[in-house]
**Student:** 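Quick one: the structure is below, and I'll ask about it shortly.
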Amino acid sequence: MSPTDRALLTSTHWGTYHVDVADGRVTALRDFSEDPDPSPIGPGIVDVLEGPARITAPMVRKSWLEHGPGTDSHRRGSDGFVEVSWEKANQLVTEELTRVRQQHGNQAIYAGSYGWASAGRFHHAQSQLKRFLNCIGGFTSSKNTYSFAAAEVVVPHVLGTFRGHLDTTSSWETIASECDLFVAFGGVPLKNGQISQGGLGAHVQKAGVQTAHAAGVQFVNISPLRSDVMEKVHAQWLAPRPSTDAALMLGLAGTILSEGWQDQAFLDCYTEGFDRFADYLTGKADGTPKTAEWAAGICDLPTKDIRDLAHRIAHSRTMISVAWALTRQDHGEQPFWAAIALAAMLGQMGLPGTGLGFGYSAMNNVGLNRREVDYAAFPQGQNPVPDFIPVARVSDMLENPGASFEYDGKTYTYPDIRLVWWAGGNPFHHHQDLNRMRRAWARPETIIANEWCWNALARHADIVLPCTTPLERNDIALTSKDPYQVVMDRAIPPVGQARDDHEIFKGIAVRMGVEDAFTEGRSPEEWQRWMWDISRQQAARAGVELPDWESFQRDGWTKVPAPEDQTVMMSAFRADPVANPLATPSGRIEIFSKTIAGFGYDDCPGHPVWLEPAEWLGRAAPDALHMISNQPRNKLHSQLDHGAVSTADRPKGVERVMLHPKDAAARGLTEGQIVTLHNTRGACMAEVRTSDEIRQGVVQISTGAWLDEEGELCKRGNPNVLTLDKGTSQLAQGPIAHSCLVWVSATDAPV
Ligand SMILES: Nc1nc2c(c(=O)[nH]1)N[C@H]1C(S)=C(S)[C@@H](COP(=O)(O)OP(=O)(O)OC[C@H]3O[C@@H](n4cnc5c(=O)[nH]c(N)nc54)[C@H](O)[C@@H]3O)O[C@H]1N2
Ligand SMILES: Nc1nc2c(c(=O)[nH]1)N[C@H]1C(S)=C(S)[C@@H](COP(=O)(O)OP(=O)(O)OC[C@H]3O[C@@H](n4cnc5c(=O)[nH]c(N)nc54)[C@H](O)[C@@H]3O)O[C@H]1N2
Ligand SMILES: [Mo]
């Protein structure tokens with residue numbers, strides 16, 4: 001399936017690129033001809049494909065190899081590695097899997113393996129891992145995401161589904177034509193719109209914001225960072241204390257109710273339980289009226305600003321937009337539920353360009369008017385093991401086998417994990433309180449990782465299986481989140497002894513006698529063609545014509561036309577709530593949920609409430625600062641942190657931290673100085689950047705720096721050594737990275 005005379009193509013989560021190759025080496029990634037606003041992230045792979053951090057052969061941790069599973073597991077991360085042949089690696093993995101299954105059962109294998117891996121529908125690392133393990137009896141899995149776990153669990157109780165509404169978020173076109181006021185909790189940072197999971201052809205987020213502005217839409221940026229809405233649209237900037245959005249929303253709702261500005265007809269027709277919520281807003285329920293003054297005290301904003309905003313949103317065609325970041329804070333269920341209640345009071349849900357939007361801030365595909373096509377995936381098979389954890393409870397699980405935990409109304413038990421396998425994710429990037437995780441990580445007897453680069457995950461594994469990058473294999477980017485479907489060409493042969501994840505698992509499957517079950521007799525090319533043919537049939541049933549396989553390969557990409565009608569979230573429900581009820585018990589928007597109230601969770605009662613976060617500026621030592629560790633502009637999570645694009649942004653070799661000039665001055669810190677960020681959980685280094693674009697009392701450091709510890713100090717600036725490892729609530733148990741207090745001081749330690 002080698003391409004004819006067209007340029008080579010690749011697809012990434014940050015866009016499509018043309019690939020230049022000379023003498024068997026990738027020399028450049030060039031902007032895709034169809035992309036009006038390409039991301040600079042892509043070329044960051046060129047210098048590291050064959051760089052010193054590339055893993056080129058199977059590796060086994062020395063003590064593990066010499067003395068067997070479980071040996072000196074506290075030395076993971078510092079122990080040496082021994083290179084072995086693929087044959088030896090496969091033998092070791094097979095023997096260890098067999099031992100663990102026989103002695104402990106398949107639930108002793110944890111393969112939640114959360115993470116983004118690479119674009120490409122067939123070589124999707126988790127799917128390959130999970131399919132393989134399902135062929136040998138299954139594994140303990142994980143539920144939900146780090147992106148928005150709290151929303152994934154609470155919103156279905158309130159609106160019937162979360163993903164369904166997310167995938168039908170009203171389009172930017174409808175915002176430009178119908179909206180007056182775009183209220184962005186967490187902003188709409190253009191850095192994030194570079195990304196779309198599974199690949200994308202054309203970046204549209206910036207044009208979406210600009211076109212709306214040109215059409216007269218006014219923006220309000222509610223965020224600790226002014227830059228979360230692009231400067232050109234002259235947004236009003238309100239910077240509440242971080243993790244207090246729920247209080248702000250309740251203060252707005254309380255003000256609207258006391259003024260009688262709510263759309264009572266909408267509430268009567270489309271919602272359930274508003275009365276209970278109203279009693280909370282007025283203070284009848286708890287003695288505290290949720291006024292603008294009340295919210296001002298919590299958010300540390302002027303009362304007048306909150307009153308004015310309440311008036312504006314109630315008298316405009318308003319879009320309430322909530323960033324996913326709002327879920328990654330303590331009690332992260334509340335801001336999403338409160339935003340739904342607030343939008344319901346405004347009565348515009350289901351109308352074009354107004355109402356509510358989940359995550360215009362987050363990715364290119366949110367607000368992109370596109371057709372949902374049901375593309376085929378690489379089948380993972382059935383997992384016979386029922387055990388699971390909410391994804392961010394991984395350290396809890398490793399530390400507390402047999403302990404019970406709450407999740408979405410039920411009590412479960414943590415299994416006793418003996419073997420952990422990760423392929424396509426980096427827990428040393430994504431998890432909170434990494435020093436706690438490193439201690440928990442020392443408990444299983446064996447850790448296996450499929451990786452292509454020596455990041456902290458690879459360094460903390462016992463068996464490292466070197467995998468290819470997308471540039472070393474043929475694949476197809478097939479995603480319903482974007483209209484472009486793209487051929488991913490194999491530009492160069494595998495580097496060193498690297499193998500595709502599929503080939504890695506096939507090699508082990510052969511030894512374990514499950515090769516036929518794993519491959520079904522298909523080669524990777526045959527699988528891809530099979531996926532394309534099924535997708536083509538499914539698309540045809542939806543009225544979308546996809547080219548045949550040969551034409552697709554020849555042309556390199558195809559674009560599915562946009563739907564004729566603009567996408568409007570909840571429009572069918574709005575048009576006829578009886579014929580098109582929501583999938584909630586009442587069929588309506590559950591502003592009060594009897595189901596959730598019935599769970600009896602004090603940290604997530606039956607309607608939106610304000611609950612104090614575990615860490616916030618409202619209860620902090622005077623010299624503490626609130627740390628926001630948001631998504632990096634120059635990479636995706638930890639991917640390509642070692643590449644040229646990311647390293648160019650840290651000339652001193654360490655991540656930058658943004659402080660308000662007054663906070664810097666109070667600590668005697670100046671631009672460019674090296675500091676440590678620290679709290680009781682850990683410390684990391686960073687280079688000071690001062691700017692009045694950040695709320696005083698808040699510091700910002702992007703996620704993504706590879707963990708590089710000496711003692712307990714991360715020398716590259718990974719903020720997850722500082723963040724708190726606690727569930728949002730017993731309901732969702734989501735991660736809370738954004739609720740975190742730190743101290744900042746000068747340091748002489750070398751970078
Ligand atoms: N403090 C803080 N922490 C956060 C967040 C935050 O806002 N603040 N955000 C959270 C969010 S939203 C997310 S989604 C997570 C993201 O966390 P992850 O998705 O775990 O992060 P990535 O760096 O994308 O990890 C992907 C890994 O897969 C590897 N990889 C790439 N291609 C392949 C392949 O083909 N095969 C194999 N085997 N491996 C491959 C990469 O080298 C990389 O190590 O982080 C979370 N953590
Ligand atoms: N370039 C790039 N883009 C990405 C990613 C990446 O790694 N790199 N990751 C992708 C992924 S996996 C995800 S899930 C999405 C996440 O999308 P988001 O969750 O929207 O992304 P963040 O950048 O974490 O947060 C957006 C903004 O919210 C603000 N914020 C933080 N805490 C608070 C708060 O308490 N209140 C208010 N009002 N604002 C707050 C921060 O200033 C931050 O800049 O991004 C995606 N896009
Ligand atoms: Mo995410």
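Just so it is clear, the structure is predicted and the values come from calculations on it, not from any experiment. In listed order, ligands and their atoms are each counted from 1.
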**Student:** Can you confirm whether the side chains of Ser629 and Thr703 place a donor and an acceptor under 3.5 Å from each other?
**Tutor:** no

**Student:** How are the rings of His431 and Tyr146 set relative to one another: parallel (under 30°), tilted (30 to 60°) or perpendicular (over 60°)?
**Tutor:** perpendicular

**Student:** Which ligand 1 atoms are under 4.0 Å away from a heavy-atom of Ala125?
**Tutor:** 36 (N), 37 (C), 38 (N)

**Student:** Does Arg473 come within less than 4.0 Å of ligand 1, judged by its heavy atoms?
**Tutor:** yes

**Student:** Record the part of Gln631 in heavy-atom contact with ligand 2 below 4.0 Å; permitted values are side chain, backbone, both and neither.
**Tutor:** both

**Student:** Can you pull out the closest protein heavy atom to atom 23 (O) of ligand 2? Residue, atom name and distance to 0.1 Å, please.
**Tutor:** Lys191 NZ, 2.6 Å

**Student:** For atom 31 (C) of ligand 1, what is the closest protein heavy atom, and at what distance to 0.1 Å?
**Tutor:** Ser118 OG, 3.4 Å

**Student:** Are any of the N/O atoms in Ser629 less than 3.5 Å from those in ligand 1?
**Tutor:** yes

**Student:** For the pair Phe148 and Trp324, name the ring-plane relationship: parallel under 30°, tilted 30 to 60°, perpendicular over 60°.
**Tutor:** perpendicular

**Student:** Output yes when the distance from some N or O of ligand 1 to some N or O of Asn630 is under 3.5 Å, and no in every other case.
**Tutor:** no

**Student:** Under 4.0 Å from a heavy atom of Trp452: which atoms of ligand 1 are those, numbered in the order shown and with their elements?
**Tutor:** 31 (C), 42 (O)

**Student:** May I ask you to identify the nearest protein heavy atom to atom 35 (O) of ligand 2, giving residue, atom name and distance to one decimal place in Å?
**Tutor:** Ser243 N, 2.7 Å

**Student:** Nearest protein heavy atom to atom 2 (C) of ligand 2, by residue and atom, and its distance?
**Tutor:** Pro632 O, 3.1 Å

**Student:** Taking 4.0 Å as the limit for heavy-atom contacts, which would you say applies to Trp14 with ligand 2: side chain only, backbone only, both, or neither?
**Tutor:** neither

**Student:** Would you check the N or O atoms of Asn426, main chain and side chain alike, for any that come under 3.5 Å of an N or O of ligand 1?
**Tutor:** yes

**Student:** Between Asn679 and Cys740, what is the shortest heavy-atom contact and its length?
**Tutor:** ND2-SG, 4.0 Å

**Student:** What are the atoms of ligand 1, with element, lying closer than 4.0 Å to any heavy atom of Glu451?
**Tutor:** 27 (C), 28 (O), 29 (C), 41 (C), 42 (O), 43 (C), 44 (O)

**Student:** Tell me if the aromatic rings of Trp616 and His626 count as close, with their centers under 6.0 Å from one another.
**Tutor:** no

**Student:** Closer than 4.0 Å to some heavy atom of Trp116 - which atoms of ligand 1 meet that?
**Tutor:** 14 (S), 19 (O), 24 (O)

**Student:** Start with the C-alpha gap between Trp172 and Phe182, add the side-chain angles, then the distance that decides, and say whether ring-ring contact (aromatic ring centres under 6.0 Å, His included) holds.
**Tutor:** CA-CA 11 Å; Trp172 283 112; Phe182 190 104; 5.8 Å; yes

**Student:** Take every heavy atom of Cys467, measure it against each atom of ligand 1, and state whether any distance is under 4.0 Å.
**Tutor:** yes

**Student:** Do me a favour and list the nearest non-hydrogen protein atom to atom 40 (C) of ligand 1 with residue, atom name and distance?
**Tutor:** Gly424 CA, 3.9 Å

**Student:** Looking only at protein heavy atoms, which one is nearest to atom 41 (C) of ligand 2, and how far off is it?
**Tutor:** Asp228 OD2, 3.3 Å

**Student:** I'd like the name of whichever of Pro613, Ser361, Ala737 reaches closest to atom 20 (O) of ligand 2 through any heavy atom.
**Tutor:** Ser361

**Student:** Has the side chain of Thr12 got a donor or acceptor atom that lies under 3.5 Å from a matching backbone atom of Gly15?
**Tutor:** yes

**Student:** Nearest non-hydrogen atom to atom 24 (O) of ligand 2 belongs to which of Gln205, Arg226, Arg633, Arg328?
**Tutor:** Arg328

**Student:** Regarding atom 39 (N) of ligand 2: of the candidates Ala325, Pro224, Ala362, which has the closest heavy atom?
**Tutor:** Pro224

**Student:** So which of Ile195, Ile41, Asp330, Thr145 gets nearest to atom 4 (C) of ligand 2, if we judge by its closest heavy atom?
**Tutor:** Ile195

**Student:** Measuring from the heavy atoms of Tyr146, does anything fall under 4.0 Å of ligand 2?
**Tutor:** no

**Student:** Quick one: sort the Trp116 and His637 rings into parallel, tilted or perpendicular, breaks at 30° and 60°.
**Tutor:** perpendicular

**Student:** Heavy atoms only, cut-off 4.0 Å: how does Asn455 contact ligand 1, side chain, backbone, both, or neither?
**Tutor:** side chain

**Student:** In the protein, what heavy atom is nearest to atom 34 (C) of ligand 2, and what distance, to one decimal place, separates them?
**Tutor:** Asp245 OD1, 3.4 Å

**Student:** For atom 3 (N) of ligand 1, tell me which residue out of Leu636, Asn450, Asn720 has the closest non-hydrogen atom.
**Tutor:** Asn720

**Student:** Atoms of ligand 1 less than 4.0 Å from Thr703 heavy atoms?
**Tutor:** 1 (N), 2 (C), 3 (N), 6 (C), 8 (N)

**Student:** Give the residue, atom name and distance (to 0.1 Å) of the protein heavy atom nearest atom 45 (O) of ligand 1.
**Tutor:** His430 CB, 3.0 Å

**Student:** Could you name the option among Ser196, Gly186, Ser39 that has the heavy atom nearest to atom 26 (C) of ligand 2?
**Tutor:** Gly186

**Student:** Within 45 degrees of the axis of the six-membered ring of Phe378 and under 6.0 Å from its centre: does Arg131 put its NZ or CZ there?
**Tutor:** yes

**Student:** Ligand 2 versus Leu326, non-hydrogen atoms closer than 4.0 Å: side chain, backbone, both, neither?
**Tutor:** side chain

**Student:** Ser147 heavy atoms, cut-off 4.0 Å: which ligand 1 atoms fall inside?
**Tutor:** 12 (S), 14 (S)

**Student:** Assess Gln432 for proximity to ligand 1: is some non-hydrogen atom of it under 4.0 Å away?
**Tutor:** yes

**Student:** Check ligand 1 against Ser638 and write out every atom of the ligand that is under 4.0 Å from a heavy-atom position of the residue.
**Tutor:** 22 (P), 23 (O)

**Student:** Could you list the atoms of ligand 1 found under 4.0 angstrom from a heavy atom of Gly115?
**Tutor:** 18 (P), 19 (O), 20 (O)

**Student:** Assign the ring pair Trp441 / Phe428 to parallel, tilted or perpendicular, where the plane angle (0 to 90°) is split at 30° and 60°.
**Tutor:** perpendicular

**Student:** May I ask you to identify the nearest protein heavy atom to atom 21 (O) of ligand 2, giving residue, atom name and distance to one decimal place in Å?
**Tutor:** Asn192 ND2, 2.9 Å

**Student:** Heavy-atom distances under 4.0 Å are what count here, so tell me which part of Gln700 touches ligand 2: side chain, backbone, both or neither.
**Tutor:** neither

**Student:** Just to be sure I read this right, does ligand 2 sit under 4.0 Å from the backbone of Ile628, its side chain, both, or neither, counting only heavy atoms?
**Tutor:** side chain

**Student:** With no hydrogens and no angle check, just 3.5 Å: does a side-chain donor-acceptor pair link Ser361 and Asn192?
**Tutor:** no

**Student:** Just to confirm my output: which protein heavy-atom neighbour is closest to atom 7 (O) of ligand 2, and how far is it?
**Tutor:** His637 N, 2.8 Å

**Student:** At a non-hydrogen distance cut-off of under 4.0 Å, which region of Pro427 contacts ligand 1 (side chain, backbone, both, or neither)?
**Tutor:** neither

**Student:** Below 4.0 Å from ligand 1: does a non-hydrogen atom of Asp501 turn up there or not?
**Tutor:** yes

**Student:** Near Lys206 NZ, under 6.0 Å, is it more than 12 heavy atoms from other residues, nucleotides or ligands?
**Tutor:** no

